[in-house]
Peer 1: 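First, the structure itself, so that you have it in front of you.
Atom set for the values below is all heavy atoms of this structure, side chains included, hydrogens, waters and symmetry mates excluded.
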Amino acid sequence: MRKMFFALLAVPAALILALAPVNPAQAKWPEKPVRIVLPFGPGGVADVTSRMMAAKLTEKFGQQVVIENMPGPGGINAARTVINAAPDGYTMALVTNGTSISVAAFNKLPFDPVKDLAMVSMVGTFDLVFAVNAASEYKTLGDFIKAAKANPGKFNIGTTLLGGTQNLGAELFKIVADLNVQVVPYKNSPDIVVALFRNDVQMMIDFPPAVQGQVNDGKVRLLASSSPQRSALLPKTPTVAESGVKDYEVISWNGIAAPKGTPQDVIDAMNKAMHEVLASPELKAQFQKVGVEAHASTPAELMGRLTSDIKKWDAVIVKAGIAKK
């Protein structure tokens, strides 16, 4: 027995480690494709930017990062898919300011993003813009507000569908600026632009890509943007706060989350990779072309944004008298 004991002591440590059983938890993530489930159809800003980021993550990981579109009311289909997936880092979710709106707008959802998801990182942020017909007399948002207050009940603001970010952003503006105006929801952005040219609406509130072509052609004038600071993408456009409405702020955002219970080392690895790819000048330039500022964050920062927006939009929905679903 003593001879066997000393013989074992003579075995190199590296060989002992090599013969030791491998702990599967120590395997490097990702070892296979990762899918990111989106609550939207293809072609929108969230889809386009997610695919741009996924391409860079694929290069970095040496594994495919696949975007899967799963549209549906309230993001329920996409959320169920991710929440019910194994918490191993191979199925993740795109969460957005629309996620917070869904929580606020529905009396009861079959999921709770705060409790059922682990936040990873922000992807990007983007503003709403306040725009008028370039032929109108309103040169500033202050001009519009002054005219609307002088003509209560006679002005209309066009947005997209009831309950969306643009629509609720308009309702919040109406509340904070104390205006007696009508917020009119349209089916899509081109319909609002037509209504603006017809003077059916005197101002529209939408995302920058919806009006960028008309702005470039000199047919539409931007009056303000919705973030608390001027956007780097729209440095000449004043904010709503700069225009005299001090308590107005709307920041649209996208982020990545994983099922609750996903290992922390996986969360950390994805967060680190996202910081690196979203900081690349090439990806930043690609995002800017669709009006988005690439912006990574900590998991805590993304969770803070989600929870604060749920409270904000719940208050707007109640004050605006919008029926919950």
Side-chain angles (χ1 to χ4, degrees), residues 38 40-53 55 67 69 71 96-98 123-141 143-144 155-162 164-170 173 181 183-227 229-240 242-243 248 250-254 281-295:
L38 271 59
F40 311 110
V45 171
D47 177 72
V48 170
T49 51
S50 294
R51 290 179 188 279
M52 290 173 179
M53 181 183 70
I67 300 302
N69 302 97
T96 73
N97 53 294
V123 173
T125 57
F126 43 106
D127 288 355
L128 294 173
V129 289
F130 291 57
V132 295
N133 188 332
S136 80
E137 61 189 282
Y138 314 121
K139 308 299 183 185
T140 67
L141 186 60
D143 291 341
F144 177 88
F155 277 45
N156 296 323
I157 298 174
T159 74
T160 48
L161 295 175
L162 183 69
T165 302
Q166 300 94 314
N167 180 255
L168 292 181
F173 172 68
V181 297
V183 176
V184 183
Y186 285 81
K187 184 178 180 181
N188 54 50
S189 298
D191 287 350
I192 312 173
V193 174
V194 171
L196 192 68
F197 291 153
R198 289 178 177 172
N199 202 38
D200 293 337
V201 299
Q202 287 66 53
M203 185 170 70
M204 66 180 288
I205 298 177
D206 211 328
F207 295 130
V211 293
Q212 194 58 55
Q214 289 79 13
V215 171
N216 293 343
D217 291 341
K219 296 179 179 178
V220 166
R221 179 186 301 119
L222 297 184
L223 300 184
S225 61
S226 63
S227 288
Q229 292 85 33
R230 291 196 187 196
S231 166
L233 308 183
L234 300 166
K236 295 182 180 179
T237 303
T239 66
V240 174
E242 282 182 89
S243 304
Y248 187 86
V250 176
I251 300 175
S252 296
W253 52 269
N254 294 332
E282 182 185 356
L283 195 59
K284 281 183 175 292
Q286 290 176 339
F287 272 39
Q288 286 177 3
K289 289 179 180 178
V290 291
V292 178
E293 291 188 64
H295 175 65

Peer 1: If the condition is side-chain hydrogen bond (donor to acceptor under 3.5 Å, both in side chains), which residues does Ser227 pass it with, not counting sequence neighbours?
Peer 2: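 Expected list: Asp127.
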Peer 1: Find the distance between CH2 (Trp253) and CG (Asn97) and round it off to the nearest 0.5 Å.
Peer 2: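 Trp253 CH2 to Asn97 CG: 6.5 Å, rounded to 0.5 Å.
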Peer 1: For Glu282, enumerate each residue passing the salt bridge (charged side-chain N to carboxylate O under 4.0 Å, His left out) test, keeping only those at least two apart in sequence or located in another chain.
Peer 2: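 Salt bridge (charged side-chain N to carboxylate O under 4.0 Å, His left out) check on Glu282 returns Lys56.
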Peer 1: By side-chain hydrogen bond (donor to acceptor under 3.5 Å, both in side chains), which residues pair with Asn199, not counting sequence neighbours?
Peer 2: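 So Asn199 forms a side-chain hydrogen bond (donor to acceptor under 3.5 Å, both in side chains) with Gln202.
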Peer 1: Could you state the interatomic distance from CG (Leu283) to CE (Met53), rounded to the nearest 0.5 Å?
Peer 2: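 One gets 8.5 Å once the value is rounded to the nearest 0.5 Å.
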Peer 1: Applying side chain to side chain contact (heavy atoms under 4.5 Å, CB included), name anything that partners Phe40, two or more places apart in sequence or on another chain.
Peer 2: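 Ala46, Leu94, Thr96.
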Peer 1: Applying salt bridge (charged side-chain N to carboxylate O under 4.0 Å, His left out), name anything that partners Glu293, two or more places apart in sequence or on another chain.
Peer 2: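 Testing Glu293 for salt bridge (charged side-chain N to carboxylate O under 4.0 Å, His left out), a comparison that skips the adjacent residues, returns none.
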Peer 1: Looking only at heavy atoms, what is the nearest atom pair of Thr237 and Ser225, with distance?
Peer 2: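 Result for this residue pair: CG2-N, 3.8 Å.
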Peer 1: Would you find a donor on one side and an acceptor on the other, under 3.5 Å apart, between the side chain of Asn133 and the backbone of Ala135?
Peer 2: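 Yes.
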Peer 1: Please round to the nearest 0.5 Å and tell me the distance separating atom CG of Leu233 and atom NZ of Lys289.
Peer 2: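 Leu233 CG to Lys289 NZ: 13.0 Å, rounded to 0.5 Å.
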Peer 1: Are Val129 and Leu234 close enough that some pair of their side-chain heavy atoms sits under 4.5 Å apart?
Peer 2: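 Yes. Closest side-chain heavy atoms under 4.5 Å.
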Peer 1: Go through the structure and list residues passing side chain to side chain contact (heavy atoms under 4.5 Å, CB included) with Gln212, not counting sequence neighbours.
Peer 2: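 So Gln212 forms a side chain to side chain contact (heavy atoms under 4.5 Å, CB included) with Val215, Asn216.
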Peer 1: Can you name the side chain to side chain contact (heavy atoms under 4.5 Å, CB included) partners of Lys139, sequence neighbours left out?
Peer 2: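 Partners of Lys139 by the side chain to side chain contact (heavy atoms under 4.5 Å, CB included) criterion, ordered by chain and then number, come out as Asp143, Arg221.
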Peer 1: Check the pair Ile157 / Val184 against side chain to side chain contact (heavy atoms under 4.5 Å, CB included), numbers first and verdict last.
Peer 2: CA-CA 6 Å; Ile157 298 174; Val184 183; over 6 Å; no
Peer 1: Under the ring pair (Phe, Tyr, Trp, His ring centres under 6.0 Å) test, which residues partner Phe130, sequence neighbours left out?
Peer 2: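 Residues passing ring pair (Phe, Tyr, Trp, His ring centres under 6.0 Å) with Phe130: Phe173, Tyr248.
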Peer 1: Please name the pair of heavy atoms, one in Gly169 and one in Leu128, separated by the smallest distance, quoted to 0.1 Å.
Peer 2: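 Gly169 and Leu128 have their closest heavy atoms at CA-CD1, 4.0 Å.
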Peer 1: Name all residues meeting the side-chain hydrogen bond (donor to acceptor under 3.5 Å, both in side chains) criterion together with Arg51; count only those two or more places apart in sequence or in a different chain, and write none if there are none.
Peer 2: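 Once residues adjacent in sequence are excluded, the partners of Arg51 under the side-chain hydrogen bond (donor to acceptor under 3.5 Å, both in side chains) criterion are Asp47, Asn69.
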Peer 1: Within a radius of less than 6.0 Å around CD of Gln229, do more than 12 heavy atoms belonging to other residues, nucleotides or ligands occur?
Peer 2: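 Not more than 12 within 6.0 Å, no.
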Peer 1: Nearest 0.5 Å please: distance from the NE2 atom of His295 over to the CD1 atom of Ile251.
Peer 2: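 Answer rounded to 0.5 Å: 8.5 Å.
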Peer 1: Quick one: side-chain hydrogen bond (donor to acceptor under 3.5 Å, both in side chains) partners of Ser50, sequence neighbours excluded?
Peer 2: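 Partners of Ser50 under the side-chain hydrogen bond (donor to acceptor under 3.5 Å, both in side chains) test: none.
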Peer 1: Can I get a per-line list of side-chain donor-acceptor pairs under 3.5 Å for residues 204-211, giving both atom names and the distance, sequence neighbours left out?
Peer 2:
{"residue": "Asp206", "atom": "OD1", "partner": "Gln166", "partner atom": "NE2", "Å": "3.2"}
{"residue": "Asp206", "atom": "OD2", "partner": "Ser189", "partner atom": "OG", "Å": "2.6"}

Peer 1: Using every non-hydrogen atom in the two residues, find where Ala224 and Ser243 come nearest and quote the distance to one decimal.
Peer 2: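 Shortest heavy-atom contact: CB-OG, 4.2 Å.
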Peer 1: Apply the side-chain contact (heavy atoms from CB on, under 4.5 Å) test between Val183 and each candidate in Thr159, Leu162, Asn156, Val201; give the one that qualifies.
Peer 2: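 Among Thr159, Leu162, Asn156, Val201, the one that satisfies the side-chain contact (heavy atoms from CB on, under 4.5 Å) with Val183 is Thr159.
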Peer 1: Taking all non-hydrogen atoms of both residues, which atom of Glu242 and which atom of Arg230 are closest, and how far apart?
Peer 2: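 It is OE2-NE, 2.9 Å.
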Peer 1: Identify the heavy atoms of Thr160 and Asn188 that sit nearest to each other, and give their distance.
Peer 2: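 So the two residues come closest at CG2-C, 3.9 Å.
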Peer 1: Are Phe287 and Thr125 packed together at the side-chain level, in the sense that at least one heavy-atom pair is separated by less than 4.5 angstrom?
Peer 2: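 A side-chain contact under 4.5 Å is absent here.
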Peer 1: What are the two closest non-hydrogen atoms of Asn167 and Pro185, and how far apart are they?
Peer 2: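 Answer, listing the atom of Asn167 first, then Pro185: ND2-CB, 4.1 Å.
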Peer 1: List in chain and number order the residues that pass ring pair (Phe, Tyr, Trp, His ring centres under 6.0 Å) with Phe144, two or more places apart in sequence or in another chain; answer none if no residue qualifies.
Peer 2: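 Only Tyr138, Phe155 meet the ring pair (Phe, Tyr, Trp, His ring centres under 6.0 Å) criterion with Phe144.
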Peer 1: Looking at Asn254 and Val123, would you say the former's side chain and the latter's main chain have a donor-acceptor pair under 3.5 Å?
Peer 2: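 No, the answer is negative, given that no donor and acceptor are paired below the 3.5 Å cut-off.
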